[in-house]
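Here's the structure we're looking at; comments come further down.
Just so we're on the same page: letters track the sequence lines, and every chain starts at 1.
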Amino acid sequence: MSESSRYQPQAIERQWQQRWSDDQLHQTPDAGSHTYMALSMFPYPSGNLHMGHVRNYVITDVIARVARMRGHQVLHPMGWDAFGLPAENAAIERGVDPGAWTDQNIAAMREQLQRLGLSIDWDREITTCHADYYRWTQWLFLQFLDAGLAYQKDATVNWDPVDQTVLANEQVDGEGRSWRSGAVVEKRQLRQWFLKITAYADQLLDDLEGLVGWPERVRTMQANWIGRSRGAEISFPVVDAAGNDSDKQITVFTTRADTLHGVSYVVLAPEHGLVERLTTPDQALAVAAFRDLVSAQSEQERTAEDKPKRGIPIGARVRNPASGELVPVWIADYVLAEYGTGAVMGVPAHDQRDFVFARQYELPVRQVVIPEGSDEHAFEGGAWCGDGILIHSGRFDGLSSASAREAIVAAAEQEGWGRGRTTFRLRDWLISRQRYWGCPIPVVHCDSCGVVPVPAEQLPVELPRGVALEGRGGSPLAQLESWVTVPCPRCGKPARRETDTMDTFICSSWYYLRYSDPHNTSLPFSRESVDRWLPVNQYVGGIEHAILHLLYARFFTKVLRDRGLLGFDEPFQRLLTQGMVQGITYRNPHSGRYIAPADVADPSDPRDPESGERLDTFYEKMSKSKHNGVDPAVVIDRYGADTARMFILFKAPPEKDLEWDDADVEGQYRFLQRLWRLVDGALQRELSLAGLAPGAAALAPADLTPGERELRRAVHGAIAAVSDDLQGEFQFNTAVAELMKLSNAMGEHLEAASPPLAVEALHTLLLLLAPFAPHLAEELWSRLGAPGSVHQQPWPQADPAALVRDTIPLVIQVKGKVRGNLEVPADADKATLERLALGSDIAAKWLEGRAPSRVIVVPGKLVNLVP
RNA sequence: GCGCCCGUAGCCCAAUCGGUAGCAGGCAGGUCACUUAAAAUGACUCCAGUGCGGGUUCGAAUCCCGCCGGGCGCACCA
């Protein structure tokens with residue numbers, strides 16, 4: 001018979017990848033309604049596959065493979081988020097063509113990806129920077145334009161001085177830094193294109209509730225970002241010097257209409273449009289100086305919470321529409337022009353910021369709400385910001401805050417000085433970018449006709465090639481006069497193309513839809529295809545897109561639904577946010593320098609190779625600058641893709657961070673070798689899966705030896721456990737552990753087992769292994785003579801009969817403490833268990849003859865005797 | 001400041017409804033076997049009482065309260 005052999009992944013992996021590709025094993029079926037779409041967030045083609053990618057795609061691959069074995073028609077595609085600044089920067093630095101550079105990177109990365117043995121349907125690959133894709137990005141933009149959801153406006157926007165372009169709010173972090181370049185953004189006044197995402201704010205928020213397959217924290221992050229706040233707008237008429245109402249008024253937004261009678265001043269944002277018109281001549285100079293001061297501050301300085309609040313009265317006064325009282329108008333740096341109405345009412349008694357401000361400028365503090373059940377609240381520490389009962393509020397006295405808010409809004413609406421209103425923190429999405437390597441915005445500016453959309457049949461508006469990129473700022477396209485000047489599509493007179501390109505997040509807001517119909521040349525996708533495959537059953541990607549991409553994609557889906565292009569509300573049914581891959585990191589605590597692990601002689605006592613200083617050791621996200629990265633290609637070269645896959649899946653639960661550890665990789669490699677030897681041993685015995693009729697289920701349990709029964713229990717226990725780990729929450733780490741357990745049990749019992757049982761065990765092992773280590777499973781499947789591909793087999797079913805035990809160890813507790821075990825029949829009822837327990841030596845010893853006052857019986861588990 | 005998540009052996013991690021904390025699994029360590037030796041392999045094995053303090057319960061890693069430590073989000077949003 002065959003000689004024993006060694007597991008050599010390098011020899012088998014490429015061969016199977018080729019075979020699968022030749023056999024079109026991963027092609028998406030076009031018939032059937034039992035569809036399943038498994039999707040990874042597509043990568044930016046940097047040219048280098050890193051471990052984070054590997055983790056992402058391996059997780060999705062296992063999900064796709066299991067779905068296939070469970071009988072679904074599976075769509076598991078891949079594509080490239082291929083517009084973006086790295087290509088343009090490479091062009092500027094090295095003079096290469098961004099398109100060619102990107103295509104090269106894609107080729108390199110595709111090659112690396114294919115080495116992982118992913119079951120991707122490459123026929124559906126999409127690339128966002130290719131005209132056959134971005135043509136439809138432009139087409140969709142025109143849909144937004146047509147729906148009134150795309151518009152231009154002058155606005156204060158975030159300018160990234162490093163990347164030389166504007167950014168959306170979502171792309172600036174809490175410290176005011178660009179998500180890409182890390183540079184602190186500047187504020188600029190520019191005319192820009194926006195998408196009206198705020199029109200969908202309510203839906204985007206409300207529908208989060210239905211996304212039960214999403215991690216709670218992603219949903220909260222989005223809810224926070226959208227930031228709905230229900231309140232009221234109240235208008236304060238501006239009065240003239242004599243105290244009579246003028247035709248002007250200041251409208252404030254408040255969530256605390258109940259505190260209206262406590263207003264002691266009204267504050268405008270320094271940038272508010274009314275400031276100039278309302279400032280009295282005697283205050284004009286001071287106001288101008290103050291506004292200069294404020295505008296000189298960065299956003300960050302201005303919004304720091306601990307910063308003292310500064311303000312100045314502008315001389316005007318307004319009348320409180322509820323009390324008739326006249327109060328002064330101020331401007332202050334703590335009021336933001338962009339939020340609400342850019343104006344607030346100052347209620348020092350009931351708002352901490354107003355309180356601080358009032359103390360500083362000696363403005364009156366008037367209490368109009370008292371905590372329920374108390375008298376007056378002392379204002380030593382600050383404002384009373386909770387709800388309570390109204391006082392000093394005229395006709396609203398005695399109402400609770402909640403009912404007062406309603407009553408005051410009702411009165412305001414009736415009397416015409418206010419109304420209920422909801423505001424959002426969410427801003428419209430700024431999508432213009434002053435860069436070259438992006439999707440051109442398909443509009444033309446005509447002196448006679450204004451903004452004219454490029455007619456759909458003229459799409460794509462192709463990105464001109466051979467543009468000189470110098471990185472000097474300003475839209476590179478604007479310098480290409482021959483491209484810019486076009487006849488107006490409407491009147492034919494000379495007009496100018498829009499020279500900004502779109503935010504690349506637009507491209508990624510709909511790519512998942514295109515996979516359903518990637519070669520469609522008359523539409524971005526057909527309604528039939530998109531409704532057949534989408535929404536995505538399982539989406540997998542990094543948490544860093546919790547707000548950005550995931551919010552934009554949800555917005556797009558809703559708009560396209562309203563345009564009749566698709567028939568669902570949400571794009572991603574379930575979302576798995578995988579954790580980071582971290583590498584061991586050494587840093588010299590004095591110099592702050594990162595030391596590559598290869599330069600650390602003794603990991604148990606890490607020293608700086610130059611100075612000999614002791615190094616700090618920790619795990620951090622892999623990155624070039626920290627020298628803590630592990631190259632997937634190196635791991636695959638050494639151990640094979642299956643080992644890399646198994647390690648990544650086993651080392652940590654998918655949503656947790658994973659600490660890369662070479663020793664553990666080695667351990668996984670050993671496990672796969674054990675499997676190989678296990679099968680090798682079976683081949684020595686001339687066992688075969690050729691007939692594939694295990695027939696073990698037909699064997700009466702009574703005919704089995706104890707070892708065989710143990711083996712069957714292990715086999716079917718593993719089926720049950722792995723199946724369970726792979727549905728609902730994905731617990732790949734415990735699923736792999738179950739495989740190890742099974743292999744351990746097989747190591748123990750396989751040799752002594754009769755052929756049908758051994759065959760059943762081997763068969764099952766390979767089926768369960770297939771999604772995790774697809775090459776090895778296929779190779780062993782083939783070596784055992786089984787027909788076809790292991791990847792086209794149905795997922796195994798556990799036989800409940802195999803799991804049944806005759807006796808179980810019953811735990812005897814006395815007063816909740818474990819005192820011993822008793823072997824009892826597995827099917828014994830409560831009364832029997834109680835009798836057995838009470839009659840046991842354990843009970844006799846610990847109860848010392850007393851009868852228990854209480855007996856708790858948990859069938860199949862334990863009996864607790866309480867004296 | 002507000003909200004969410006996490007804390008179990010030296011390390012990574014398990015533990016349906018609250019029901020024997022690990023014959024879940026792995027890494028590292030130790031002993032032994034095989035070997036001339038080593039590697040590889042196999043067998044056995046050491047190690048925690050679940051961050052801390054209370055509470056509920058017959059019984060708490062699991063539920064509740066308060067702390068400590070770590071991570072994340074939001075934060076002058078009216």
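As the counterpart of B:A15, no nucleotide is assigned, since no Watson-Crick or G-U wobble pattern has both distances under 3.5 Å. A 3.5 Å limit on both hydrogen-bonding distances identifies no Watson-Crick or G-U partner for B:U35. Base pairing of B:G59 is not made with any nucleotide, judged by Watson-Crick or G-U wobble geometry with both donor-acceptor distances under 3.5 Å. Across every strand in view, B:G3 sits in a pair with B:C72 that passes the Watson-Crick or G-U test at under 3.5 angstrom. Nucleotide B:C67 forms a Watson-Crick or G-U wobble pair with B:G51, both donor-acceptor distances falling under 3.5 Å. Across all strands shown, B:C27 pairs with B:G10; the Watson-Crick or G-U wobble distances both stay below 3.5 Å.
Rounded to whole Å, the C1' atom of B:A78 lies 47 Å from the corresponding atom of B:C17. Nucleotides B:A40 and B:C46 have their P atoms positioned 23 Å apart, rounded to a whole Å. With P as the reference atom, B:C4 and B:C65 are 10 Å apart, rounded to whole Å. Rounded to a whole angstrom, the distance from the C1' atom of B:U16 to that of B:A61 is 15 Å. Atom name C1', nucleotides B:G55 and B:A60: the rounded distance is 11 Å, in whole Å. Comparing the same atom, P, in B:A21 and in B:U50 gives a spacing of 11 Å after rounding to whole Å. Distance check on atom C1': B:A9 versus B:G51 gives 15 Å, rounded to whole Å. Taking atom P in both B:G30 and B:G73, one finds a spacing of 42 Å when rounded to whole Å.
Taking 4.0 angstrom as the limit, A:Arg6 places none of its side-chain polar atoms (N or O) nearer than this to OP1 or OP2 of B:A40. Contact between the side-chain N/O atoms of A:Lys656 and the OP1/OP2 oxygens of B:C6 is not found at any separation under 4.0 Å. For the pair A:Asn864 and B:U57, the criterion of a side-chain N or O lying under 4.0 Å from OP1 or OP2 is not met. Residue A:Arg670 places at least one side-chain N or O closer than 4.0 Å to OP1 or OP2 of B:C27. Distances shorter than 4.0 Å separate none of the side-chain N or O atoms of A:Asn733 from OP1 or OP2 on B:G25. Checking the phosphate oxygens (OP1, OP2) of B:G71, no side-chain nitrogen or oxygen of A:Arg217 falls inside 4.0 Å.
The aromatic rings of A:His549 and A:His545 stand perpendicular to each other, their planes meeting at an angle above 60°, with 30° marking the opposite boundary. Ring pair A:Tyr7/A:Tyr669 is tilted by interplanar angle, where 30° to 60° counts as tilted.
Checked against a 6.0 Å centroid threshold, the rings of A:Trp660 and A:Tyr619 do not count as neighbours.
No contact: A:Asp724 has no heavy atom under 4.0 Å from any strand. Residue contacts for A:Val866: at a heavy-atom cut-off of 4.0 Å it reaches the sugar-phosphate backbone alone, with no base atom in range. Here A:Val858 lies in heavy-atom contact (under 4.0 Å) with a base. Heavy atoms of A:Ser229 sit under 4.0 angstrom from primed sugar atoms or phosphate atoms, though from no base atom. Note on A:Pro653: only backbone sugar-phosphate atoms sit closer than 4.0 angstrom, heavy atoms only; bases stay farther off.
Regarding A:Gln352, its CD atom lies at a distance of 15 Å from the P atom of B:A78, rounded to whole Å. For the pair A:Trp214 CH2 and B:C5 C1', the interatomic distance rounds to 18 Å; values are reported in whole Å. Atom CD1 of A:Ile812 is separated from atom P of B:G59 by 18 Å (rounded to the nearest Å). Look at CG on A:Asp680: it is 14 Å from C1' on B:U41, rounded to the nearest Å. Across the protein-nucleic acid pair, A:Ile226 atom CD1 and B:C77 atom C1' stand 15 Å apart, rounded to whole Å. Rounded to whole angstrom, the span from the OH atom of A:Tyr619 across to the P atom of B:G10 amounts to 17 Å. Per the geometry, CG belonging to A:Leu739 stands 16 Å off P belonging to B:A14, to the nearest Å.
A:Asp354 and A:Tyr334 form a side-chain donor-acceptor contact under 3.5 Å, judged by distance and modelled atom types alone. Counting only N and O atoms by type, the side chains of A:Glu666 and A:Tyr639 include a donor and acceptor under 3.5 Å apart. A side-chain donor from one of A:Thr251 and A:Ser235 sits under 3.5 Å from a side-chain acceptor of the other.
Checked by distance alone, A:Gln813 brings a side-chain donor or acceptor within 3.5 Å of a matching partner on the base of B:G19. Looking at A:Asp664, its side chain has no donor and acceptor atom pair within 3.5 Å of the base of B:C27.
With its glycosidic angle within 90° of 0, B:C17 is assigned syn. With its glycosidic angle within 90° of 0, B:G49 adopts the syn conformation.
In the set B:G73, B:A24, B:A78, the nucleotide with an atom closest to the side chain of A:Met221 is B:G73. Closest to the A:Leu336 side chain, of the nucleotides B:A78, B:C12, B:G19, is B:A78. The nucleotide whose nearest atom lies closest to any side-chain atom of A:Met740 is, among B:G25, B:C74, B:A78, B:G25. Between B:G19, B:G42, B:A78, one nucleotide has an atom nearer to the side chain of A:Leu862 than all others, and that is B:G19. Set against B:A24, B:A78, B:G19, the side chain of A:Arg353 has B:A78 as its closest nucleotide. You'll find that the side chain of A:Lys861 is closest to B:G19, out of B:G19, B:C77, B:C12. Closest contact between the side chain of A:Val335 and the listed nucleotides B:A14, B:A78, B:G25 involves B:A78.
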Inset, instruction - Mind running side-chain hydrogen bond (donor to acceptor under 3.5 Å, both in side chains) on A:Gln222 and A:Arg554 for me, showing each step along the way? - result: CA-CA 11 Å; A:Gln222 291 211 357; A:Arg554 294 182 60 224; 2.7 Å; yes

Inset, instruction - Just do the side chain to side chain contact (heavy atoms under 4.5 Å, CB included) check on A:Val294 and A:Arg291 with the steps written out, would you? - result: CA-CA 5 Å; A:Val294 170; A:Arg291 293 173 87 183; 5.7 Å; no

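Toward the 5' end of RNA chain B, the nearer of the two residues A:Asn224 and A:Gly340, judged by each one's closest nucleotide, is A:Asn224. Mapped onto RNA chain B by nearest heavy atom, A:Ile543 and A:Gly227 fall at different nucleotides, with A:Ile543 at the one closer to the 5' end.
Residue A:Glu209 qualifies as open at atom CD: its count of foreign heavy atoms under 6.0 Å is 12 or below.
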